[in-house]
Amino acid sequence: MNAVLLTGATGFVGGHVARVLVAGGWDVHALKRSTSDVSGLAGRTSFHDSDSLPASLFTRVRAVVHLATNYGRVDPASTLAADNTLFPLRLLERAVAANLPLFVNTDTCFTTEYKYLRPYTLSKKQFVQWGRILCDGSNTKFVNLVLQHPYGPGDRPAKFVPSMIRECLTAKEEIRLTPGEQQKDFVYVADVAEAYRIVLKKVDDLPAGFSEFEVGTGRAVSIRHFVETIHRLTGSSAKLKFGALDYRDGEIMFSQADISRLVALGWTPKTSLEDGLIRAIESVIAGKNE
């Protein structure tokens, strides 16, 4: 029985994961809100109301893959705790009770250094601690995938990469930027989706209880280099004004994945930065990020 219960299938990374799993022969049971648009997902995907979790659903799948998240841009802390801690905790309790072999969680590489993300980061990290506790001694393995900075087609327009692509495509004179000395590990979304597939495939090779894998390229690049690459690939004539803006309060200056454990499991990132950005640029031009 190749069936998985997936949350966040209508999101950026979750949508790519759903398509990779369907292409690999998995039956995807996706939890969604009643207002979610599922037009971009098809094939072996069944949709279920996230407010209703019948026990029978957990007897039809081999694993839960949790990608749904609330970044808390407008919601109060109580809503973040409900969405990012209590909701997945209910899923995990059901998975453990049903003796599912695997629960895969999606974690953030962000830390509390970003003050505006503190409630979001806290709610995510609290669920990881619950995962350690509930899967200790159970038949359910808990895998925590810590994502660096996924980018690619279909990302939300307000996110850094698509917004910077649009700036380069439309700005006529100058683009104001920070000094750009931050170094981040940008990983193409299709490679991220493949990491989920590998973890599901290699479930028997995973240790009991809790394990964690970092998902990135293993190589950080400066924001300056990243933006300059977008600028070149778009053919932009706008002047890049590095240093015109201040860093955000608590700016994280270095973020890079240690991918050795994931590589040992059989995964490697296959998409170069330039190839990934070309595809992301094509997506923005085609209007697929709107």
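Nothing fancy with the numbering, it's 1 onward along the sequence.
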### Query
Mind checking whether Phe186 and Phe226 have parallel, tilted or perpendicular rings, split at 30° and 60°?
parallel

### Query
Just by distance, do the side chain of Thr121 and the backbone of Arg118 share a donor-acceptor pair under 3.5 Å?
no

### Task
Begin with the C-alpha distance, continue with both residues' side-chain angles, and end with the deciding distance and a verdict on side chain to side chain donor-acceptor pair (under 3.5 Å) for Thr106 and Tyr196.
CA-CA 10 Å; Thr106 305; Tyr196 286 85; 2.6 Å; yes

### Task
Using atom types as modelled and distance alone, determine if a side-chain donor or acceptor of Thr229 lies under 3.5 Å from a backbone N or O of His225.
yes

### Message
Can a side-chain donor-acceptor contact be found between Ser255 and Gln148 if the only test is distance below 3.5 angstrom?
### Response
yes

### Task
Please round to the nearest 0.5 Å and tell me the distance separating atom CG of Asp83 and atom OG of Ser123.
8.5 Å

### Pairwise distance CG(Asp107) to CG(Asn84) - rounded to 0.5 angstrom
10.5 Å

### Task
Give the ring-plane orientation class for Phe142 versus Phe210, where under 30° counts as parallel, over 60° as perpendicular and anything between as tilted.
parallel

### Rounded distance (nearest 0.5 Å) linking atom CD1 of Ile198 with atom CH2 of Trp267
10.0 Å

### Query
Roughly how far apart are Phe58 CZ and Arg94 CZ, rounded to 0.5 Å?
5.5 Å

### Query
Considering all heavy atoms of both residues, which atom of Asp246 and which atom of Thr178 are nearest to each other, and what is their separation?
O-CG2, 3.5 Å

### Message
When you measure from the side chain of Lys141 to the backbone of Val203, do you find a donor-acceptor pair of N or O atoms at a distance under 3.5 Å?
### Response
yes

### Query
For residues Asp75 and Asn70, is any side-chain donor paired with an opposing acceptor at under 3.5 Å?
yes

#### Entry: Cation over ring face, Arg279 and Tyr188, 6.0 Å, 45°
yes

### Query
Does Lys125 reach the main-chain N or O of Thr108 with its side chain, forming a donor-acceptor pair under 3.5 Å?
yes

